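For reference, the structure discussed in these notes is given below.
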Amino acid sequence: MTIIFTENLRRTYQTITGIIRRKKKEIVALDGVDLSIQSGELFGLLGPNGAGKTTITRILATVLLPTSGTAQVFGLDIVKGVKQIRPRIGLVFGGERGLYWRLSGRDNLQYFADLYKVPPEVAKRRIPELLEMVGLTDRANERIEGYSRGMKQRLHIARGLIHDPELLFLDEPTIGLDPLAARDLREVIRGLNQAGKTIFLTSHYMFEIDALCNRVAIMNKGKILVMDTPSALKKVVANLEVVEIECFGIPEELILKLRAHPSVQAVNIERLEHSQLVQIQAPAGAELVKEFLGILEGVQVRKVVTRQPTLEDAYVKLVGEESKKV
Amino acid sequence: MKMANFRSTFRILRNSVILQMKSNVISSDFISTLFIQPVIFTIISVGTYLYGNKPDFGLFAITGTGLIAIWNNNLFTSGEIIRGERRTGTLSLIMATPSSLLLILLGKSFANAITSVFAMGITFLTGMLAFHLPIGISNPLAFLIGLILIIVSITCLGLVFGSLFILTRNAGEFVSVANFPVYILSGLSIPLTLLPLWTRPLSQFLTPTWGNIILNEAASGSGGNMLPNYLVIVGLSIIYLVIARILYKRVEYLALRAGTLEQW
Ligand SMILES: Nc1ncnc2c1ncn2[C@@H]1O[C@H](COP(=O)(O)OP(=O)(O)OP(=O)(O)O)[C@@H](O)[C@H]1O
Ligand SMILES: [Mg+2]
């Protein structure tokens, strides 16, 4: 059964720039998005900052209206069917906002249980279960103010599940968590999906999507670039290998030179603490390392590695190609 | 309405009241609207009447000032509640629940309104201490019932104005300006008889007008049967709620369209 369906979904925002000479500017956040997500999926939406992930999540979760196009959840129009949709979906935004800070974790859950009209006898059973699931039983009676970021984030998940929704929206749920906490949270998400919930997840982290999702859409600048299974997406980079060169202070023109090399498919620069990691995608077996080092003549190089491509490289390639067109 | 629905509505209302009470620490706003303003306003207005050789108006000035404080407190805290929800990022989350936003805010506003009973006490105290006005309340029960009804009713009126805060975070400026006509038209700062005739229908539509009449009559013992006035207040409250319901529907729609729920 199709749970989420969108067709040519668009959303623009009006903003005002300038103080004296006020000009209205229109920002296109979603530029014709088509999605179709089936019951039971753990669907991942991946994209750089400002791609439109939060915007589409908010629209599907009925807290933002689209500018035009179709959006349906459970086969119901998100505007006309909002009354029927809301009790059946859960909404979790990453980050620390979205909780009542002066209340305890338990009181937060209790209040949202009331707002979702969960019968008191059900809430009485479910709240301890959820607290247990997110590992907050011991701290449940403390005020949220004193919670760590990870604790707040876990409480968010419990809050989003308080009415036992069929469909759960998670917008960057692991943002700002340490690796262990993020891994625990991923386990919780996986468990929820195995228990039958359809999950719509957004993230910056490819490995997260790779590890969790059965299907991925990569979006950039309001458009979906590709949508497929993680393994199919990796095929985009299947015949490539990645040359990683760690160096100090690489000038912009040399990056451009690398990009212009006929065999190079994509170049990504990752900033490390004191150095830069230049990731070059090139056909496997082309033995281009020497040529690349030639281009980087004069730059202090620390380390060179050739490795297999990952989903992250597929993402870099796809998003990179899109940016080149503009 | 089915019984289960009724119960759930009551629970939402009650728990919103409790939540707001728990979240309310003594903020500087709270001190200013409930303690400092009433004292200063009482001194100004009672003083004005006394020096104008109209000592009969002393009591009137006190109830009027008390109501101004209640109204002010309500209006600004109802704005503050919505601003707070924006700040904590819960506004869109409570909007995403099947509960009516109006009901939730009614509960939270009412919690604040209860605290504003203090303001009335403060104005009476100020009147007695600063001007040695002999103030006794000759019909305490009528006064108390009146006060409770007025607080509920002012809460409903505050929600009508409060709808603007959902639409934009900048509603504060508008509301501070819109605030004055309300208490002038209700005869809280100057007697209604001094206002031009054409304002009369407007005054009658504002619950503080009736509140002031009730409190005065109950305090001075001049009134006869209070019931009709009580009923007017109840009727007005219902009208405010109906208006608020229509407004909130519209304003929620506009806010979802503009995407301003997360701006703070
Ligand atoms: N309320 C708003 N007013 C104006 N512009 C907005 C608003 N919300 C989002 N935008 C713009 O819409 C575009 C998409 O934003 P969105 O928040 O959906 O991106 P995102 O993919 O979630 O990004 P991130 O990874 O940083 O969370 C951005 O250009 C953003 O600046
Ligand atoms: Mg986002």
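Naming: A, B, ... by sequence-line order, numbering from 1 per chain. Every value quoted in this text rests on a predicted model; they were computed, and no experiment measured them.
Using a 4.5 Å heavy-atom cutoff, the side chains of B/Ile12 and A/Lys117 are in contact. With contacts defined as side-chain heavy-atom distances shorter than 4.5 Å, the pair A/Leu64/B/Leu256 does not qualify. With contacts defined as side-chain heavy-atom distances shorter than 4.5 Å, the pair B/Arg7/A/Pro120 does not qualify. Counting heavy atoms from C-beta outward, B/Glu85 and A/Tyr100 have side chains that approach closer than 4.5 Å. Within the 4.5 Å cutoff, the side chain of B/Ile104 has heavy atoms near those of the A/Tyr111 side chain.
Only the backbone of B/Ala258 has a heavy atom closer than 4.5 Å to any heavy atom of chain A. Heavy atoms of B/Ser16 lying under 4.5 Å from chain A belong to its backbone as well as its side chain. Contacts of A/Leu115 with chain B are made by both backbone and side-chain atoms, with heavy-atom separations under 4.5 Å.
Judged as a ring pair (Phe, Tyr, Trp, His ring centres under 6.0 Å), and not counting sequence neighbours, B/Tyr248 has no contacts.
Interface check for chain B: of the options A/Thr67, A/Leu99, A/Thr62, A/Thr55, the most heavy-atom pairs under 4.5 Å are formed by A/Leu99. With chain A as partner, the option from B/Gly84, B/Ser92, B/Ser8 having the largest number of non-hydrogen pairs under 4.5 angstrom is B/Ser92.
At a heavy-atom cut-off of under 4.5 Å, chain B is reached by A/Arg86, A/Pro87, A/Leu91, A/Phe93 from residues 82-94 of chain A, listed in order of number.
A donor-acceptor pair shorter than 3.5 Å cannot be found between the side chains of B/Thr88 and A/Arg97.
Closest approach of A/Tyr116 to B/Ala96, counting heavy atoms only: OH-O, 3.7 Å.
To the nearest 0.5 Å, atoms CG (A/Asp114) and CZ (B/Arg11) are separated by 5.5 Å. Residue A/Arg102 holds its CZ atom at 10.5 Å from CG of B/Leu19, rounded to the nearest 0.5 Å.
With a 6.0 Å radius and a threshold of 12 heavy atoms from other residues, nucleotides or ligands, B/Arg245 has its CZ atom at or below the threshold.
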